[in-house]
Number of protein chains: 2
Amino acid sequence: MVQIPKTPAPPSPAPSRSVPTSADVARLAGVSRATVSYVLNNTSAVRISEPTRRRVHEAAKELGYVPHAAARSLRAGHSRMVLIPAPTFPVGPLYSRFLTDLQNALAALDYTVVQHGTGGPHGDEAARAWAELRPVAVLVPGSGLGPRGVAVLKRSGARVVVTLGPETIEGAHALLMDHDVVGHSAGAHLYDRGRRRIGVVVPQEPGLETFSAPRLDGVRQSVRGTDATVTELPLAYDEQAAARLAARWRSLGLDAVFTYNDEYAMLLMRALLDEGIRVPEETAVVGADDLMLGRLMRPRLSTVRLELPCGRELAELVDRAVRKPATEPETHKMLGATVLHRESS
Amino acid sequence: MVQIPKTPAPPSPAPSRSVPTSADVARLAGVSRATVSYVLNNTSAVRISEPTRRRVHEAAKELGYVPHAAARSLRAGHSRMVLIPAPTFPVGPLYSRFLTDLQNALAALDYTVVQHGTGGPHGDEAARAWAELRPVAVLVPGSGLGPRGVAVLKRSGARVVVTLGPETIEGAHALLMDHDVVGHSAGAHLYDRGRRRIGVVVPQEPGLETFSAPRLDGVRQSVRGTDATVTELPLAYDEQAAARLAARWRSLGLDAVFTYNDEYAMLLMRALLDEGIRVPEETAVVGADDLMLGRLMRPRLSTVRLELPCGRELAELVDRAVRKPATEPETHKMLGATVLHRESS
DNA sequence: TTGAAAGCGGTACCAG
DNA sequence: CTGGTACCGCTTTCAA
């Protein structure tokens, strides 16, 4: 039976140039849109005859039909999109791997993971832009999202908001990734090795305060109530700055330094060595993040290895929360830290 | 005037828990949905009285109304979403900065940038998942997208497909980011400095072939027709592997090595030095990507600095192509490379 | 200046 | 087993 289009002569001159819809597939297969939907979604509540299924599949393939996610989620009233704001600063291999793991784990649970490039600084206004996409879950690394932002997301249908930062936010699940454990480990390690005048490098680069402040704080905590002192050392990520700091090193009277991460450690350690300061005899140096390259320094760099939650764990937490949103926001302390003692401390 | 809901008693028991729509705003403001749309979009073709505008804005704010992007783009027939597949491997600070720049530039042109976490390896099936989102443009770094994938995207409404890779793909704009210029620069530099037996490190890590193969090829090209030889040196990113390679270094009889990038350079250089091989006297070492840390090595690491296109340029190209899709796919050679000669070569 | 109504592409009821 | 149809939330004519 030949299908006759309902509209006798559609004004569109070149139908080939437009995007195929399920109606086009239905027309070509000689069935209704409903049937197309049933077939392509393998709807179990409905049995479609094998010949029909084949015709639909063939028509879909021939037209290069791809379903329209927006239309689908509009109708469904919800999506399976997990939204993660894209980081605005260069991110280390650690976080990179974590993100890839997480994406794969979520993809395995049939979520669509999307990193949204935010215009302004991650803030409550950014939350509005995210909310427009009606994600089912939002994972926000770092701080910067306030209770208002969380509220906006929740009001627009997000069933889960998870913050991966140093603090708990009202209304959101929190994966407390408080970097203070890093500083704490480093501080304790240095104290145990007899160091008492501890410097802590704080990067000048913007966007890193989120991590550097808690790390500094962790060192402070670790020596609280002892006779050890903690000195904050602002440092920009370039050789001259490091050289300047090294030049006045002896006047600072420090016997140890925790450098925020391995990159700053390598930068500073090189400058110290060039200045004739012996490591670790005169000054112990501890970095963080366990970069491969730290092992190449002489002396080999001691470092604090951060243990991020594995992607699958987090993915399952998200999935659980999506399915049973009644649960109160949970707070988990997710971060572990281990000192890898090598030669520089 | 009190508004009376059209439906006498809607079955929804808790309307407070559902997402506010423009209809809710209209109801609260005592106007029609059309008016709400006009006000919130500042539609210039229609003049709305000031009191009405205020009422609408207040209602929207009170309800915490956020427009539904899917519904909007469904109605409009197009979106302003630019889709970029998320990289699946740890990415350097260089590319990281490039991406951030690009995102900002596109955001300034009022596009929504979204990185899509692909399940499988970037391929033509992944293109289907991207196409479901109906992005107006797709930027694909690396290779892995074939002509079929491009066709799928185009058929589902993408007005621009740009590949940022080593090769041109049928139907897509190509920003030829052929990393061969990196290898070429390094090879030429080494040849100029009298080196004739050149090794090239090729990382064993998966996902890096996209870059390593062209870089190797570039070195080959640079010495074609001369008496110089090029030797491929597979290397995993760990200390033992580097030590093993260094142990048999003298038997290889090489007087120079280009190491893919600075990280591998540092790894290998350390191993060579530990083996007692003098750099650069016996063997010259050149890395790539100009990492800060390379400067800290002794001898300071020579490197090839890659010049990525600036984000704004690319954003404008995309914007132009979106607005005038009639244009033939263009092919641009976007990559420059400069040798930074320091002490290791 | 404002409102009614027709869709955009899919899904899921209910009837046949 | 399949077709008709009423939506999902929003924009945009066309009338009033």
Side-chain angles (χ1 to χ4, degrees), chain A residues 1 3 6-7 10-12 18-27 29-56 60 63 65-80 131-134 155-157, chain B residues 1 3 6-7 10-12 18-27 29-56 60 63 65-80 131-134 155-157:
Chain A
M1 190 218 230
Q3 282 291 316
K6 275 120 201 161
T7 48
S12 51
S18 76
V19 182
T21 73
S22 78
D24 296 322
V25 176
R27 205 150 28 228
V31 299
S32 76
R33 280 167 24 184
T35 306
V36 171
S37 177
Y38 293 142
V39 171
L40 297 184
N41 294 309
N42 270 319
T43 308
S44 51
V46 163
R47 302 241 64 92
I48 303 285
S49 71
E50 204 44 51
T52 306
R53 303 180 80 84
R54 230 199 330 280
R55 285 220 310 288
V56 170
L63 293 177
Y65 169 73
V66 174
H68 193 307
R72 175 178 291 169
S73 69
L74 181 58
R75 171 64 226 227
H78 62 258
S79 70
R80 289 187 68 80
E132 291 193 0
L133 297 180
R134 296 288 190 274
R155 289 187 81 84
S156 46
Chain B
M1 193 216 233
Q3 282 291 314
K6 274 121 203 162
T7 48
S12 50
S18 75
V19 183
T21 73
S22 77
D24 297 322
V25 177
R27 205 148 32 229
V31 299
S32 75
R33 280 158 53 210
T35 306
V36 171
S37 178
Y38 292 143
V39 170
L40 296 183
N41 295 310
N42 270 318
T43 308
S44 51
V46 164
R47 304 240 63 94
I48 304 285
S49 70
E50 203 45 51
T52 306
R53 304 181 80 84
R54 229 197 331 278
R55 284 220 308 289
V56 170
L63 293 176
Y65 170 70
V66 175
H68 193 308
R72 175 179 291 172
S73 68
L74 182 57
R75 168 66 222 225
H78 60 257
S79 72
R80 289 187 68 79
E132 291 193 0
L133 297 180
R134 298 287 192 274
R155 287 187 81 84
S156 45

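Every chain is numbered from 1 and lettered A, B, ... according to where its sequence line falls, protein lines coming before strand lines. Remember, predicted model here, so these are calculated numbers, not experimental data.
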Do the side-chain N or O atoms of N41(A) get closer than 4.0 angstrom to the phosphate oxygens (OP1, OP2) of dG10(C)?
no
Atom CZ of R134(B) to atom C1' of dG10(C): distance rounded to whole Å?
11 Å
Take the protein atom NE2 of H68(A) and the nucleotide atom C1' of dC10(D), then report the distance between them rounded to whole Å.
13 Å
So OG of S22(B) and CG of L40(B): to nearest 0.5 Å the spacing works out to 8.5 Å
Output the rounded distance in Å from CG (L40(B)) to P (dT12(D)).
13 Å
Under 3.5 Å: donor-acceptor pair, side chain of S79(B), backbone of R134(B)
yes
At 4.0 Å (heavy atoms only), tell me whether S37(B) reaches a base, stays on the sugar-phosphate, or touches nothing.
base
Ranking T35(B) and L74(A) by the position along DNA chain C of their nearest nucleotide, the one closer to 5' is T35(B)
Phosphate OP1/OP2 of dG10(C): any S73(A) side-chain N/O under 4.0 Å
no
Would you mind reading off the distance between D24(B) atom CG and dC8(D) atom P, rounded to a whole angstrom?
11 Å
Answer yes or no: does a side-chain N or O of T21(B) lie under 4.0 Å from OP1 or OP2 of dG9(D)?
no
Over how many whole Å does the gap from R53(B) atom CZ to dT2(C) atom C1' extend?
13 Å
Could you tell me how far apart H78(B) (NE2) and dC10(D) (P) are, to the nearest whole angstrom?
17 Å
Between S49(B) and dT1(C), does any side-chain N or O lie under 4.0 Å from OP1 or OP2?
no
Whether S32(A) contacts dG4(D) is assessed here as follows: a side-chain N or O lying under 4.0 Å from the phosphate OP1 or OP2. Is that the case?
no
With sugar-phosphate meaning primed atoms plus P, OP1 and OP2, does A34(A) contact a base, only sugar-phosphate, or nothing at under 4.0 Å between heavy atoms?
base
At under 4.0 Å between heavy atoms, what does V36(B) touch on the DNA or RNA strands: base, sugar-phosphate, or nothing?
nothing
Distance check needed: dT12(D) C1' versus I48(B) CD1, whole Å only.
13 Å
Which part of the nucleic acid, if any, lies within reach of T52(B) when heavy atoms closer than 4.0 Å are counted: base, sugar-phosphate only, or nothing?
sugar-phosphate
Distance col, row R72(A):CZ vs N41(A):CG, nearest 0.5 angstrom, shows 5.0 Å
When rounded to whole Å, the CZ to C1' distance for the pair R27(A) and dG9(C) reads 13 Å
Closer than 4.0 Å, any side-chain N/O of Y65(B) to the OP1 or OP2 of dC10(D)?
yes
Quick one: closest heavy-atom pair of V66(B) and E132(A), and the distance?
CG1-CG, 3.6 Å
The side chain of Y38(B) lies closest to which of these nucleotides: dG9(D), dG3(D), dG3(C)?
dG3(C)
H68(B) side, atom NE2; L74(A) side, atom CG - distance, nearest 0.5 Å:
5.5 Å
When you check the phosphate oxygens OP1 and OP2 of dG10(C), does a side-chain N or O of R33(A) lie under 4.0 Å from one of them?
no
Looking at CZ of R27(B) and CZ of R33(B), how far apart are the two atoms once the value is rounded to the nearest 0.5 Å?
9.5 Å
Please check the phosphate of dT11(C) (OP1 and OP2 only) for any side-chain N or O of T43(A) closer than 4.0 Å.
no
No-H, no-angle donor-acceptor pair, R75(A) side chain to dC7(D) base, under 3.5 Å
yes
